[in-house]
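Since the structure comes first, as structure tokens, the remarks are kept for the end.
Computed from a predicted model, the values in this text were never measured in an experiment. Counting starts at 1 for both ligands and their atoms, following the listed order.
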Amino acid sequence: MAASGFSGKTAVITGGATGIGLAIARAFAAAGANVVIASRKKENLEKAEELIRASAAGGEVAHWVLDVRDAEAVDRVAQEVADRFGRPAEVLVNNAAGNFVVPAARLSPNGWRTVVDIVLNGTFYCSHAFGTRMMEAGVTGHILNIVATYAWTGGPGTAHSAAAKAGVLSLTQTLAVEWGVRGVRVNAIAPGPIEDTGGAEKLFAEPRVAEAVRQSVPLGRFGRPEEIAAIALWLSGEQAAYVNGACIVADGGAWLNKGFLPFFDG
Ligand code: HXC
Ligand code: NAP
């Protein structure tokens with residue numbers, strides 16, 4: 001997609017102040033879009049806004065303080081964004097997530113509820129608020145959900161997040177069909193382990209764990225946020241106009257590395 005491909009369009013990225021979301025926000029800004037980032041911590045949003053503005057190619061950059069678990073607030077922000085830019089946002093990236101490592105036997109009901117609320121419920125609230133406005137205005141839109149490959153495999157230590165991501169993947173497929181007929185595509189990206197993110201800080205903090213994770217990736221390294229952002233931009237643009245209901249895996253081949261000859265090195 002040429003840098004001008006998103007001129008005049010608006011992309012909203014939840015959790016866009018850090019990690020993968022920030023890289024996605026910068027990529028849309030560099031492609032000419034108006035960029036809105038939305039999450040809970042104002043200080044992070046303000047810092048990120050400056051970084052995104054430095055990448056911008058003509059579009060505006062704005063932030064909204066938002067907890068995606070609050071359906072009413074989500075709806076209000078979707079309307080305020082539409083009012084500010086004169087039409088509903090064309091792109092929504094459901095990137096916000098909460099996660100922590102805990103054995104399922106020690107996960108409290110509130111711990112479960114918290115992660116499912118952010119990841120699954122938050123994704124639905126945002127998709128509904130922004131997606132219905134796209135459809136009512138006749139906007140050709142794109143909703144992109146950031147999931148994880150443990151949506152298919154489950155993830156020991158992350159039962160809550162894996163179950164929620166599986167739900168988001170299913171939602172991606174349902175909405176792609178329901179809303180595709182009205183001009184809104186819905187897709188997903190499943191990143192593998194990505195460096196320089198809140199996820200890496202939390203899940204792979206111990207060097208021993210990080211090294212084991214690295215070794216499980218056939219390409220032998222962590223991914224970079226910018227590599228996920230490039231896919232997000234492509235999926236949201238004209239060149240992917242026929243891609244709907246898909247999930248692009250970007251994990252260096254890690255989730256396929258499950259043969260029963262673990263010592264086989266090719
Ligand atoms: C056990 C925990 C816990 C932990 C929180 N809880 N951390 N339980 N182990 N490490 C429990 C609490 O005890 C509480 O339950 C409940 O969860 C809610 O906790 P709060 O702190 O009140 O929640 P809140 O302030 O809303 O914060 C949400 C959060 C927090 C998810 C807990 O970590 C957060 O805000 N995270 C956002 C950033 C983030 O996680 N980024 C990583 C995304 S990466 P009780 O029962 O005590 O009341 C990612 C990687 C994917 O998803 C895959 C990689 C391959
Ligand atoms: P991150 O840096 O921690 O980003 C998560 C963002 O979500 C934060 O900016 C946070 O901002 C926001 N957020 C959390 N709870 C929120 C809420 N209730 N309402 C609004 N915003 C909220 O994590 P990341 O690693 O870049 O993860 C980004 C996405 O990629 C997530 O969907 C994650 O599951 C997925 N993923 C990551 C990896 C990885 O290796 N990093 C692998 C697979 C998938 P506030 O705290 O300001 O609210």
Side-chain angles (χ1 to χ4, degrees), residues 12-25 37-49 63-71 73-74 77 93-123 125-126 144-166 168-169 188-205 209-210 213-214 216-217 221-229 231-232 247-252 254-255:
V12 176
I13 298 103
T14 67
T18 62
I20 292 170
L22 175 57
I24 293 174
I37 52 174
S39 61
R40 296 165 301 173
K41 296 185 190 120
K42 190 164 179 57
E43 190 187 312
N44 286 354
L45 288 164
E46 284 171 349
K47 261 192 242 156
E49 202 178 284
H63 72 261
W64 261 264
V65 173
L66 176 68
D67 188 326
V68 296
R69 292 170 285 190
D70 182 342
V74 167
V77 168
V93 183
N94 285 307
N95 164 82
N99 203 354
F100 49 82
V101 181
V102 64
R106 291 214 298 272
L107 177 59
S108 70
N110 192 37
W112 167 271
R113 197 162 39 237
T114 299
V115 169
V116 172
D117 253 356
I118 299 171
V119 174
L120 180 56
N121 297 343
T123 296
Y125 302 151
C126 290
L144 176 61
N145 297 324
I146 308 300
V147 296
T149 52
Y150 56 35
W152 295 291
T153 62
T158 52
H160 42 10
S161 171
K165 294 292 193 187
V168 173
L169 199 53
I189 301 174
I194 307 297
E195 65 194 11
D196 296 332
T197 62
E201 226 169 75
K202 275 189 142 166
L203 273 58
F204 322 122
V209 174
V213 169
R214 192 190 65 71
S216 75
V217 181
R221 65 172 176 86
F222 277 55
R224 292 186 291 276
E226 294 70 25
E227 291 176 310
I228 305 304
I231 301 167
C247 180
I248 310 271
V249 176
D251 73 339
W255 94 281

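Distances shorter than 4.0 angstrom occur between a heavy atom of Asp67 and an atom of ligand 2. Under a 4.0 Å heavy-atom criterion, Gly98 is not in contact with ligand 2. Ser161 does not count as a contact of ligand 2, since none of its heavy atoms falls under 4.0 Å from the ligand. Judged by the shortest distance from any of its heavy atoms, Glu201 lies outside the 4.0 Å radius around the atoms of ligand 1. Residue-ligand proximity: Pro193 is placed with every non-hydrogen atom at 4.0 Å or more from ligand 1.
Here the shortest heavy-atom pairing between Ala96 and Thr14 reads N-OG1, 3.0 Å. When all heavy atoms of Leu169 and Ala151 are compared, the pair lying nearest together is CD2-CB, 4.0 Å. Taking every heavy atom of both residues into account, Val115 and Gly98 meet most closely at CG1-O, 3.3 Å. Listed here is the closest heavy atom pair of Ile118 and Val68: O-CG2, 3.7 Å. Between Ala25 and Gly16 the shortest heavy-atom distance is CB-O, 4.2 Å. Contact between Ala48 and Ile37 at its shortest, heavy atoms only, is CB-CD1, 3.8 Å.
Nearest protein neighbour of atom 39 (C) of ligand 2, counting heavy atoms only, is Ile194 N, 3.8 Å. Closest to atom 14 (C) of ligand 1 among all protein heavy atoms lies Asn110 ND2, 3.8 Å. At the top of the distance list for atom 29 (C) of ligand 2, counting protein heavy atoms only, stands Asn95 OD1, 3.1 Å. In this structure, atom 51 (C) of ligand 1 lies nearest to the protein heavy atom Tyr150 OH, 3.3 Å. Looking only at protein heavy atoms, the nearest one to atom 34 (O) of ligand 2 is Lys165 NZ, 2.9 Å. Summary of contacts: the protein heavy atom closest to atom 41 (N) of ligand 2 is Thr197 OG1, 2.8 Å. Looking at atom 55 (C) of ligand 1, its nearest protein heavy atom turns out to be Phe204 CZ, 4.1 Å. Closest protein heavy atom to atom 17 (O) of ligand 1: Gly111 CA, 3.3 Å. Looking at atom 35 (O) of ligand 1, its nearest protein heavy atom turns out to be Arg40 NH2, 2.7 Å. Regarding atom 16 (C) of ligand 2, its nearest protein heavy-atom neighbour is Arg40 NE, 3.5 Å. Nearest protein heavy-atom neighbour of atom 43 (C) of ligand 2: Pro191 O, 3.3 Å. Nearest protein heavy-atom neighbour of atom 8 (C) of ligand 2: Thr18 OG1, 3.3 Å. The protein non-hydrogen atom at the shortest distance from atom 37 (C) of ligand 2 is Ile20 CD1, 3.7 Å. For atom 9 (N) of ligand 1, the closest heavy atom belonging to the protein is Phe100 CD1, 3.5 Å. Looking at atom 49 (C) of ligand 1, its nearest protein heavy atom turns out to be Asn99 ND2, 3.4 Å.
We find the CD1-CD distance between Ile189 and Glu227 to be 12.0 Å, quoted to the nearest 0.5 Å. For the atom pair Glu226 CD and Leu22 CG, the distance stands at 8.5 Å (nearest 0.5 Å).
Below 3.5 Å of separation, one finds no N or O of Lys165 facing any N or O of ligand 1. Considering backbone and side-chain atoms alike, Lys41 places an N or O below 3.5 Å from some N or O of ligand 2. For ligand 2, one of its N or O atoms has an N or O atom of Val68 under 3.5 Å away.
A heavy-atom distance below 4.5 Å is not found between the side chains of Thr18 and Thr197. Side-chain atoms of His160 and Val119, non-hydrogen and from C-beta on, never get closer than 4.5 Å to each other. Counting heavy atoms from C-beta outward, Lys165 and Asn145 have side chains that stay 4.5 Å or more apart. The closest side-chain heavy-atom distance from Phe100 to Leu107 is below 4.5 Å. Ser39 places none of its side-chain heavy atoms less than 4.5 Å from the side chain of Asn44.
Which of Gly192, Ala148, Ala38, Gly223 comes nearest to atom 38 (C) of ligand 2 through a heavy atom is settled by distance: it is Gly192. Among Ala97, Ala254, Gly199, the residue whose heavy atom lies closest to atom 37 (C) of ligand 1 is Ala97. The heavy atom nearest to atom 44 (C) of ligand 2, considering only Ile146, Thr114, Val147, is found in Val147. Between the choices Ser39, Ala23, Gly21, the shortest heavy-atom distance to atom 21 (N) of ligand 2 belongs to Ser39. Here atom 5 (C) of ligand 2 lies nearest to Ala97 when heavy atoms of Ala151, Gly198, Ala97, Ala200 are compared.
Shown here, atom 19 (O) of ligand 1 is out of close reach of the protein: none of its heavy atoms lies under 4.0 Å off. For atom 44 (S) of ligand 1, the nearest protein heavy atom lies under 4.0 Å away. For atom 25 (O) of ligand 1, the nearest protein heavy atom lies 4.0 Å away or farther. Inside a 4.0 Å radius of atom 22 (O) of ligand 1 there is not any protein heavy atom.
Listed by atom number, the atoms of ligand 2 under 4.0 Å from Gly199 heavy atoms are 23 (O), 24 (P), 25 (O), 41 (N). Listed by number with element, the atoms of ligand 1 under 4.0 angstrom from any heavy atom of Lys202 are 30 (C), 33 (O), 36 (N), 39 (C), 40 (O). When each atom of ligand 1 is checked for a heavy atom of Gly98 under 4.0 Å away, the hits are 31 (C), 36 (N), 37 (C), 39 (C), 40 (O). Against a heavy-atom cut-off of under 4.0 Å, Arg69 is close to the following atoms of ligand 1: 26 (O). Each of the following atoms of ligand 2 lies closer than 4.0 Å to a heavy atom of Leu66: 19 (N), 20 (C). Atoms of ligand 2 lying under 4.0 Å from at least one heavy atom of Pro193, given by number and element, are 40 (O). Annotation for ligand 2: atoms under 4.0 Å from non-hydrogen atoms of Phe204 are 40 (O). Numbered from 1 in the order shown, with element, the atoms of ligand 1 that lie under 4.0 Å from a heavy atom of Ser108 read 15 (O), 45 (P), 46 (O). Those atoms of ligand 2 with a heavy atom of Gly15 less than 4.0 angstrom away are 6 (C), 7 (O), 9 (O), 12 (C). Which parts of ligand 2 touch Gly19 is read off a 4.0 Å heavy-atom cut-off, strictly below it: atoms 2 (O), 26 (O).
In terms of modelled atom types and a separation under 3.5 Å, the side chain of Ser161 and the main chain of Thr158 share no donor-acceptor contact. With hydrogens and angles disregarded, no donor-acceptor distance shorter than 3.5 Å links the side chain of Asp67 to the backbone of Arg40.
For the side chain to side chain contact (heavy atoms under 4.5 Å, CB included) test with Pro191, the passing option among Ile231, Ile228, Thr149 is Ile228; the others fail.
Ring planes of Phe204 and Phe222: perpendicular class, angle over 60° (limits at 30 and 60°).
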